[in-house]
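Order of appearance sets the numbers: ligands from 1, and atoms from 1 within every ligand. Values in this document were obtained by computation on a predicted structure and should not be read as measured data. All residue numbers refer to positions in the sequence shown, counting from 1.
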Amino acid sequence: MDIKKEILRLKEERNAIIVAHLYQDGEIQDIADMVGDSFELSRYCAATDKDVIVFCGVHFMAESAKILSPQKTVLLPALDAGCPMANMANAEDLKKLKAKYPEAAVVCYVNTTAAVKAECDICCTSSIAVKVVRSLPNKQILFLPDRNLGQYIAKQVPEKEFIFWPGFCPTHNALTTMHVEEARTAYPNAVLAIHPEAPPEVVDMADFVGSTKQIIDFCTQSDKQEFIIGTEEGILHQLKLKNPEKKFYMLKYRFICPNMKKTTMELLYESLRDMKHEITLDEETIRKASLSLERMLKVK
Ligand code: 13P
Ligand code: SF4
């Protein structure tokens, strides 16, 4: 069986689109209709007129697609592809914290469960986090779950007071200043681009900080030839496709999100063949969580 052909055939039969996050394996990115960062994928899924969205990414991303398009069938090929950071926040603890800070706007990173989004005022992704926080009238911001991204935003918006949740991404949080020192010594002419999920002392050493898509755009538009990349290595696929003449070095050896790597061509095929694994959410959660996601999509 030619698995690529079968996936494309089933995609037509189901009137489906395949979307893939930039951390997915290259062959998954290549077969997808849309490859992007969390923000782009949310926007794309909200606008599609297809009946089925097959989400090659992790659970919270597929959930966001379902929240934004509740009438569509949303499938996650790898059932156990979760995000450990999203699982570090829960709605019960958030309700208690909100009661302690009644004046605060609750801003949640899109890397949260639908139940947590339902308790937030507005969502953000790393690409528009600073804009989202600046758009709010509140002086106090309760930011969750990524304390590293939270601290990065706080530095850009010093006029606000922040309350951070103690969450983090195990993949990005493993970066240290030593990784930067070693990479700078090995590649003295390279420019360092880092994702804001990295620890603050590492982010402070970067030449550029941004979401996955922003890192790709930065490297593509730059007239520099060498780059050290401080995010998951799946991003190299688009970086190399767009910049065949430039050199990219990973900031850390085996810089991998194990959950993003759970999607395979076989699981993608089975997902379309058997219509699995369908994301389901109750109506009330969708109603409440959609407010925070839609507010995010309206931020200019
Ligand atoms: P982006 O929005 O930059 O794609 O980030 C998503 C993510 O999970 C990073 O770890
Ligand atoms: Fe979650 Fe980190 Fe993986 Fe992104 S890289 S999906 S934040 S665990």
Contacts satisfying side-chain hydrogen bond (donor to acceptor under 3.5 Å, both in side chains) that involve residues 30-42 (not counting sequence neighbours) are Lys11-Asp33, Asp30-His237, Asp37-Ser211

Just the protein N/O/S atoms under 2.8 Å from atom 1 (Fe) of ligand 2, please, no waters. Cys83 SG

Which ligand 2 atoms are under 4.0 Å away from a heavy-atom of Tyr23? 5 (S)

Any link between Ile279 and Val54 through a network of hydrophobic side chains (Ile, Leu, Val, Met, Phe, Trp, Tyr) touching at under 4.5 Å? no

Evaluate the side chain to side chain contact (heavy atoms under 4.5 Å, CB included) criterion for residues Thr231 and His172: first the C-alpha distance (whole Å), next the side-chain angles of each, then the deciding distance (0.1 Å), finally the verdict. CA-CA 7 Å; Thr231 193; His172 288 85; 2.7 Å; yes

Sequence neighbours excluded - side-chain hydrogen bond (donor to acceptor under 3.5 Å, both in side chains) pairs with any residue from residues 99-114: Tyr109-Glu197, Thr112-Lys117

Please tabulate, one line per pair, the protein N or O atoms found under 3.5 Å from any N or O atom of ligand 1, giving the distance to one decimal.
residue	atom	partner	partner atom	Å
ligand 1	2 (O)	Ser38	N	3.2
ligand 1	2 (O)	Ser38	OG	2.8
ligand 1	3 (O)	Ser126	OG	3.2
ligand 1	3 (O)	His195	NE2	2.8
ligand 1	3 (O)	Thr212	N	2.9
ligand 1	3 (O)	Thr212	OG1	3.3
ligand 1	4 (O)	His21	NE2	2.6
ligand 1	4 (O)	Ser38	N	3.3
ligand 1	4 (O)	Thr212	OG1	2.7
ligand 1	5 (O)	His195	NE2	3.4
ligand 1	8 (O)	Asn111	ND2	3.2
ligand 1	10 (O)	Glu197	OE1	2.8
ligand 1	10 (O)	Glu197	OE2	3.1

Name the orientation class of the two ring planes belonging to Phe164 and Phe162 (parallel below 30°, tilted from 30 to 60°, perpendicular beyond 60°). parallel

Can you tell me how the ring of Phe218 sits relative to the ring of Phe227, calling it parallel under 30°, perpendicular over 60° and tilted otherwise? perpendicular

Has the side chain of Ser69 got a donor or acceptor atom that lies under 3.5 Å from a matching backbone atom of Cys45? yes

Taking the six-membered ring for Trp, are Phe55 and His21 closer than 6.0 Å centroid to centroid? no

Basic-acidic side-chain contact under 4.0 Å: Lys262, Asp80: yes

Stepwise side chain to side chain contact (heavy atoms under 4.5 Å, CB included) test for Asp121 and Ser292: CA-CA 5 Å; Asp121 295 313; Ser292 58; over 6 Å; no

Near Glu197 (heavy-atom distance under 4.0 Å), the atoms of ligand 2 are 2 (Fe), 7 (S)

